[in-house]
Amino acid sequence: MKVYQTNEIKNISLMGSSGSGKTTLIEAMLYESGFIKRRGSVEQKNTVSDYFPVEMEYGYSVFPTVVNVEWLGKKLNIIDCPGADDFIGGTITSLSVTDQALILVNTQYGVEVGTQNHFRYTEQMRKPVIFLMNQLDTEKSDFDRAVEQLRESFGPKVTLVQYPVNCGPEFNAVIDVLLMKQYKWKPEGGVPEISEIPAEHMEKAKELHNALVEAAAENDEGLMDKYFEQGSLTEDEMRTGIRKGLVGRDIFPVFCVCAGRSMGVRRLMEFLGNVVPFVDDMPNPVTEKGKEVKPDAGGPTSLFVFKTSVEPHIGEVVYFKVMSGTVHEGDDLVNMSRNDGKERMSQLFCVAGANRTKVDALEAGDIGATVKLKDTRTGNTLDAKGCDYVFPAIKYPDPKYRRAIKAANKGEDEKLGEILTRMHEEDPTWVIEQSKELRQTIVHGQGEFHLRTLKWRIENNDKMPIEYSEPKIPYRETITKAARADYRHKKQSGGAGQFGEVHLIVEPYTEGMPMPETYRFGNQEYKISVRDTQEIDLDWGGKLVFVNSIVGGAIDARFLPAILKGVMDRMEQGPLTGSYARDVRVIVYDGKMHPVDSNEISFRLAGRNAFSQAFKEAAPKVLEPVYDVTVLVPSERMGDVMGDLQTRRAIIMGMESERGFEKISAKVPLKELSNYSTALSSLSGGRASFTMGFASYELCPADVQDKLLKEYEATKDENE
């Protein structure tokens with residue numbers, strides 16, 4: 001393969017809901033370009049882009065797959081993104097290194113929640129969008145309704161470039177209002193017959209042509225003046241206007257295809273090659289230090305690694321985009337993200353799924369792969385010597401499904417940890433947590449399918465049986481009123497003994513609350529004279545405020561750190577459920593020492609037991625983690641979803657319509673979200689999606705707390 005120059009390269013993300021036909025379209029594009037001689041199919045498990053064993057097993061895309069298509073002297077780097085919401089990380093990865101989004105719409109279903117989600121990410125990342133109407137040859141295809149939904153959802157910038165002459169099983173022709181021609185195919189598709197527009201379609205075609213000309217002219221002042229003067233634009237002028245409109249997201253062109261029969265694919269590739277933005281048409285990427293980096297083949301060499309994977313019969317493959325300069329086979333680069341480690345680019349490849357073509361070099365803007373790097377991971381930047389570019393890592397959405405994981409066979413936990421680390425490097429949306437608090441390894445993901453895929457890969461590729469279970473909930477404990485306690489630790493067993501006595505007060509703490517001068521318990525008043533205050537931000541959230549109010553030298557200052565350690569011992573294991581405690585103020589106001597027997601361990605034990613007694617008297621309560629949940633659901637499924645949320649103790653915070661869908665905002669306890677991903681999919685027929693993020697810790701309802709206390713007591717009895 002030749003080395004393509006920066007101004008010959010287009011980078012495109014191929015997106016769309018599950019079942020929209022992305023993998024089939026990739027096959028058609030590769031076939032039309034001559035890269036493959038026979039089109040594969042998802043059903044036959046022989047497509048170029050879905051080549052991982054797990055993808056063949058389940059029949060859907062799991063990873064973003066890079067393919068390149070050479071067409072009319074241009075190189076189209078296309079990344080086939082997974083359609084399922086569980087694998088949204090692949091879409092975000094793809095958008096991070098491409099300059100154009102091509103969103104497929106299944107005209108049987110129109111705008112789906114996946115369409116909404118994908119478009120939202122293009123908004124956030126300011127990427128141009130082309131809508132591609134697919135499956136026009138199906139019985140339930142409704143092009144006009146799907147376009148109407150696009151405009152309702154995404155506004156008047158949705159502009160037709162093509163429309164079908166006849167939807168349904170007889171589909172075989174489209175009208176192209178950019179070229180003002182009719183394209184017609186034989187039943188097997190392929191090369192179309194191009195003819196003049198039939199008379200019965202001319203009026204509609206002219207109306208849509210004028211709308212397209214106006215949309216193109218609006219993006220360039222010179223074109224707008226010419227349009228006003230002449231009433232039309234040339235084909236080249238329209239292409240220029242559309243390209244500028246794409247870059248500014250001021251136009252969303254609509255094309256038609258039947259990917260399964262390779263109809264409209266050649267015309268689509270022609271448009272992608274001639275009109276969509278080149279790499280250097282888009283805003284320059286910015287380094288972590290805020291420096292803009294122009295995709296200049298003559299600049300310093302810098303690569304951004306956007307994907308790593310362990311692939312059948314090869315091992316680890318590293319995928320990268322050349323951000324600047326030109327990388328050559330044999331170049332030595334420095335990993336700027338991992339302690340300046342040196343890496344040699346021993347081989348360079350252009351890739352199309354599992355197919356790799358060796359190349360001598362890749363210029364700025366191009367996408368390629370290499371193998372056998374020593375210590376390079378997803379999100380790393382590799383630079384030539386003297387270059388100091390570091391590009392920011394890709395940001396992924398918060399996980400929304402979690403399971404405790406362990407090896408089915410004892411003694412394989414360490415091996416499982418190594419496998420999980422590798423899996424996270426391949427897909428950063430698999431998040432691994434070693435929870436000291438819960439004594440579990442917890443794997444977080446985007447949904448049940450996401451974690452089911454992880455399990456399949458570990459058990460089939462690594463031959464290690466694993467078990468998933470319901471993860472424990474990280475509850476917290478706190479107090480709701482002030483209490484006082486004292487404790488004397490005394491031990492004498494020959495020789496030096498142990499003695500320490502601590503008097504303290506505990507109370508609930510909130511940020512900025514004043515320090516009382518006196519406390520009253522029963523008929524006795526305790527005056528406080530603050531000598532020192534320590535505010536400790538706890539690793540698990542909240543604070544411990546430790547106040548020294550010792551007067552008259554009742555306890556030597558050197559023993560106060562030991563008392564604090566004793567308090568922390570109990571903060572790490574609350575008395576109600578053994579959970580971490582938080583948001584407590586502790587005032588040590590009195591105590592006693594022994595001139596010989598007092599030592600640090602004595603005061604640590606005295607502080608621990610005094611704190612434990614006071615905590616139990618201070619009306620302790622269990623706090624549960626509560627999450628902000630946002631659900632996007634079709635309006636006809638709204639009632640079912642609302643009813644289900646209410647059974648999960650949700651507090652509805654708001655509802656609003658968004659682009660033809662209903663958006664529900666709620667606060668939901670983590671305990672109630674265990675199977676929400678699966679339940680929501682079932683309730684909505686797979687047409688709803690949700691996001692979740694930690695909000696706060698809130699008091700458990702009394703019935704929930706009572707149940708937790710009984711469970712904890714039962715566990716203690718079993719252990720004893």
Side-chain angles (χ1 to χ4, degrees), residues 7-15 29 69 71-76 78 95 98-105 119 122-123 125-133 147 150-151 154-164 174-183 194 197 204-257 264-283 365:
N7 62 3
E8 299 173 321
I9 298 166
K10 308 284 185 85
N11 296 320
I12 301 158
S13 290
L14 182 57
M15 302 153 61
M29 295 173 87
V69 177
W71 188 255
L72 301 178
K74 308 292 193 308
K75 183 183 182 189
L76 309 179
I78 304 171
L95 285 173
T98 56
D99 308 304
Q100 174 72 55
L102 186 60
I103 301 181
L104 268 69
V105 177
F119 187 86
T122 69
E123 278 185 312
M125 303 171 82
R126 297 296 303 165
K127 302 294 182 178
V129 170
I130 296 171
F131 289 109
L132 187 60
M133 313 305 271
V147 170
L150 284 177
R151 287 182 171 146
F154 310 121
K157 295 177 183 178
V158 173
T159 307
L160 294 187
V161 176
Q162 295 176 337
Y163 69 90
V174 300
I175 304 296
D176 190 307
V177 301
L178 172 57
L179 301 180
M180 288 302 284
K181 297 290 182 182
Q182 175 177 270
Y183 284 69
I194 304 173
I197 297 173
K204 179 179 179 180
K206 284 183 177 179
E207 182 182 335
L208 292 173
H209 176 78
N210 289 336
L212 181 60
V213 171
E214 284 186 31
E218 285 176 357
N219 303 299
D220 185 286
E221 198 172 315
L223 292 178
M224 181 63 81
D225 291 341
K226 188 167 185 179
Y227 173 62
F228 283 140
E229 289 173 11
Q230 301 181 2
S232 65
L233 296 176
T234 67
E235 191 179 309
D236 285 342
E237 288 167 342
M238 288 179 69
R239 285 175 176 155
T240 299
I242 292 171
R243 183 181 300 122
K244 289 185 177 181
L246 283 168
V247 172
R249 286 178 56 88
D250 294 316
I251 185 172
F252 304 133
V254 177
F255 279 79
C256 300
V257 294
V265 176
R266 298 172 71 88
R267 171 69 180 116
L268 171 67
M269 290 196 293
E270 179 186 293
F271 185 83
L272 295 177
N274 290 336
V275 181
V276 305
F278 288 97
V279 173
D280 52 4
D281 289 325
M282 297 299 293

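Keep in mind that this is a model prediction, so the values were computed, not measured.
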Can you tell me which residue among Asp176, Leu179, Leu208 is in a side chain to side chain contact (heavy atoms under 4.5 Å, CB included) with Val161?
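Only one of Asp176, Leu179, Leu208 forms a side chain to side chain contact (heavy atoms under 4.5 Å, CB included) with Val161, namely Asp176.
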
Identify the residue among Leu178, Val158, Leu246 that makes a side chain to side chain contact (heavy atoms under 4.5 Å, CB included) with Pro253.
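Only one option passes, and that is Leu246.
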
Drop me the distance from [X]'s [atom1] to [Y]'s [atom2], to the nearest 0.5 angstrom.
{"X": "Thr159", "Y": "Leu150", "atom1": "OG1", "atom2": "CG", "answer": "11.0 Å"}
{"X": "Leu14", "Y": "Leu102", "atom1": "CG", "atom2": "CG", "answer": "5.5 Å"}
{"X": "Leu95", "Y": "Met125", "atom1": "CG", "atom2": "CE", "answer": "5.0 Å"}
{"X": "Arg249", "Y": "Glu123", "atom1": "CZ", "atom2": "CD", "answer": "5.5 Å"}
{"X": "Met269", "Y": "Ile78", "atom1": "CE", "atom2": "CD1", "answer": "8.0 Å"}
{"X": "Arg239", "Y": "Leu233", "atom1": "CZ", "atom2": "CG", "answer": "13.0 Å"}

Is the NZ or CZ atom of Arg151 positioned over Phe131's six-membered ring, under 6.0 angstrom from the centre and within 45° of the axis?
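So Arg151 doesn't make the cation-pi contact.
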
Side chains of [X] and [Y]: does their closest heavy-atom pair fall under 4.5 Å?
{"X": "Lys204", "Y": "Tyr163", "result": "yes"}
{"X": "Lys157", "Y": "Glu218", "result": "no"}
{"X": "Met15", "Y": "Thr122", "result": "yes"}
{"X": "Ile197", "Y": "Val177", "result": "no"}
{"X": "Ile175", "Y": "Gln182", "result": "yes"}
{"X": "Ile242", "Y": "Leu212", "result": "yes"}

Run the ring-centre check on Phe154 versus Phe252 and record whether the distance is less than 6.0 Å.
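Ring centres of Phe252 and Phe154 not closer than 6.0 Å.
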
Could you check whether any side-chain N or O of [X] sits under 3.5 Å from a backbone N or O of [Y], counting only pairs where one atom can act as donor and the other as acceptor?
{"X": "Asn219", "Y": "Ala215", "result": "yes"}
{"X": "Gln100", "Y": "Pro128", "result": "yes"}
{"X": "Lys74", "Y": "Lys10", "result": "no"}

Can you name the closest pair of heavy atoms from Val174 and Cys256 and give their distance?
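Shortest heavy-atom separation between Val174 and Cys256 comes out as CG1-CB, 3.8 Å.
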
Go through it in stages, so that I can follow the logic: the residues are Phe271 and Ile130, the test is side-chain contact (heavy atoms from CB on, under 4.5 Å), and I'd like the CA-CA distance, side-chain angles, deciding distance and then a yes or no.
CA-CA 11 Å; Phe271 185 83; Ile130 296 171; 3.7 Å; yes

Considering only distance and modelled atom types, tabulate donor-acceptor pairs under 3.5 Å from the side chains of residues 273-283, sequence neighbours left out.
residue, atom, partner, partner atom, Å
Asn274, ND2, Glu270, O, 3.4
Asp281, OD2, Phe278, N, 2.8

